[in-house]
Colleague: 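This structure is in structure tokens; I'll ask about it shortly.
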Amino acid sequence: MTEAPNAETFVISLLLTLLAGITLAIIRQRNMFGVVILSGIYSFLMASIMIALDAVDVAMTEASVGAGISTVILLATLYLTGSMEYPQRRSVIIPLCLSLAVGAILIWGTSGLPKFGVADAPIHKHVGPTYIQYSKDHKMPPNMVTAVLADFRGYDTLGETAVVFTAGIGVLLLLQGGWRVSSAGRKRDDEDDENEPSARSASDAANGGTSAGGTSA
Amino acid sequence: MFYLSTGVILLALLITVVRAVRGPTVFDRVLASNTIGTLAILLLASIGFLTDRPEFLDIGLTYGLLNLIGTFAVLKFFRHGDLAYDVEEKEGKAWK
């Protein structure tokens, strides 16, 4: 049993090192397409760290949001923006100092926290036992996380859902005005550069002008 | 046994990340990303057995599906330059 924490620490440190390497690669990368792929790798490594930390639900969220949805959304963004980043000539000194300072403050903040995994930390003594006893007495779901999320925090979750729903409706309403204009412009662009060989498949190029916009209803 | 397999998986992960960081072409990175997704599933399984909680093996299914979707999206973008590209509409024929 004394072996297990060491192995866990080793796994987490190795994964964090790999994560740092990926982050440096993302910073140095100028091709946005490569950055999207590397950020997918970042998410999978992060999910593995969450699993090693025994937070499986967070790991699943990280993998599905970070590696799944974000990759697709970022690729859709690349279609609109183009995939090369122009090197910028601005100084990086001030942002570097700012981020180092924020990082130092955050590390200083962790020094006041109780040790990781200690059973008598305040968070385990304050309301935790009440929740456990109450959920046992009232026949709530056997999984404590589910009990807290679905029963104790039911109204909270309902409010969150309402906020996210409202935000989605707002974004949809904002986008709806520009959407028709841009999709009409898109169609015209397609007809213009139909003969351009770049990023077209071989069969498309062979068909040439026969497929030019005529079939798009 | 599970210690050994976890170590080997971590080693494979290390090598793959090196390829993803150094990889000269984008395809190296796509391949490395797909491999890292697979290795994440293996790591999930072996850590699950290592800590005597193999209940969350099911999550590996989710990872596998996500890996597939991500790779499909990347490759479709690479081939057509557009995620919403419709082969039937643009090339006038269906894949049958």
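We name chains A, B, ... by the order of the sequence lines, and we start the count at 1 in each one.
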Colleague: Heavy-atom distances under 4.5 Å only: say whether B:Thr62 touches chain A with side chain, backbone, both or neither.
Modeller: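 Side chain only.
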Colleague: So what's closer than 4.5 Å to chain A heavy atoms on B:Leu10: side chain, backbone, both or neither?
Modeller: both
Colleague: Provide the closest heavy-atom pair for A:Met50 versus A:Ala59 in the form atom of the first, atom of the second, distance.
Modeller: CB-CB, 3.5 Å
Colleague: Tell me, side chain or backbone of A:Leu38 under 4.5 Å from chain B's heavy atoms, or both, or neither?
Modeller: side chain
Colleague: Can you tell me how the ring of A:Phe44 sits relative to the ring of B:Tyr63, calling it parallel under 30°, perpendicular over 60° and tilted otherwise?
Modeller: perpendicular
Colleague: Counting only heavy atoms from other residues, nucleotides and ligands, does the tally under 6.0 Å from CD1 of A:Ile69 exceed 12?
Modeller: no
Colleague: State, yes or no, whether a side-chain contact exists between B:Leu13 and A:Leu15 at a heavy-atom distance under 4.5 Å.
Modeller: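 Yes. Closest side-chain heavy atoms under 4.5 Å.
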Colleague: Chain B: which of A:Leu24, A:Asn31, A:Thr17, A:Leu14 shares the most heavy-atom pairs with it under 4.5 Å?
Modeller: A:Leu14
Colleague: What residue, out of B:Ser33, B:Gly48, B:Ala40, has the most heavy-atom pairs lying under 4.5 Å from chain A?
Modeller: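 Most pairs with chain A among the choices: B:Ser33.
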Colleague: Please state whether the side chain, the backbone, both or neither of B:Leu14 comes within less than 4.5 Å of a heavy atom of chain A.
Modeller: both
Colleague: Taking side chain as everything from C-beta outward and backbone as N, CA, C, O, which of these in A:Leu78 sits under 4.5 Å from a heavy atom of chain B? Side chain, backbone, both or neither.
Modeller: both
Colleague: Classify the side-chain pair B:Thr16/B:Thr35 by whether it contains a donor and acceptor separated by less than 3.5 Å.
Modeller: no
Colleague: For residues A:Leu19 and A:Thr23, report the shortest heavy-atom separation together with the two atoms involved.
Modeller: O-OG1, 2.6 Å
Colleague: Against chain B, label A:Ser64 side chain, backbone, both or neither, depending on which of its atoms sit under 4.5 Å from a heavy atom there.
Modeller: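 Both backbone and side chain of A:Ser64 come within 4.5 Å of chain B.
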Colleague: Need one label for A:Val36: side chain, backbone, both or neither, based on atoms under 4.5 Å from any heavy atom in chain B.
Modeller: neither
Colleague: At a heavy-atom separation under 4.5 Å, does B:Ile41 approach chain A through its side chain, its backbone, both, or neither?
Modeller: neither
Colleague: Name the member of A:Ile22, A:Leu75, A:Val11, A:Ile51 that forms the most heavy-atom pairs with chain B at distances under 4.5 Å.
Modeller: A:Leu75
Colleague: Using ring pair (Phe, Tyr, Trp, His ring centres under 6.0 Å), reason through A:Tyr131 and A:Phe152 one step at a time and then give a plain yes or no.
Modeller: CA-CA 8 Å; A:Tyr131 280 171; A:Phe152 291 110; 4.4 Å; yes
Colleague: Measure B:Thr25 against the heavy atoms of chain A and call it side chain, backbone, both or neither at under 4.5 Å.
Modeller: neither
Colleague: Would you check if the side chain of A:Ser70 reaches a backbone N or O of A:Val65 as a donor-acceptor pair within less than 3.5 Å?
Modeller: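 Between the backbone of A:Val65 and the side chain of A:Ser70 there is a qualifying donor-acceptor contact (under 3.5 Å).
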Colleague: Tell me whether B:Arg19 contacts the main-chain N or O of B:Ala32 through its side chain, where contact means a donor paired with an acceptor under 3.5 Å.
Modeller: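 Looks like no, no N/O pair under 3.5 Å.
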Colleague: Report the option among A:Ile37, A:Asp54, A:Ile26, A:Leu45 that has the most heavy-atom pairs separated by less than 4.5 Å from atoms of chain B.
Modeller: A:Ile37
Colleague: For chain B, find which of A:Gly34, A:Ser43, A:Ala63, A:Gly68 contributes the most heavy-atom pairs closer than 4.5 angstrom.
Modeller: A:Ala63
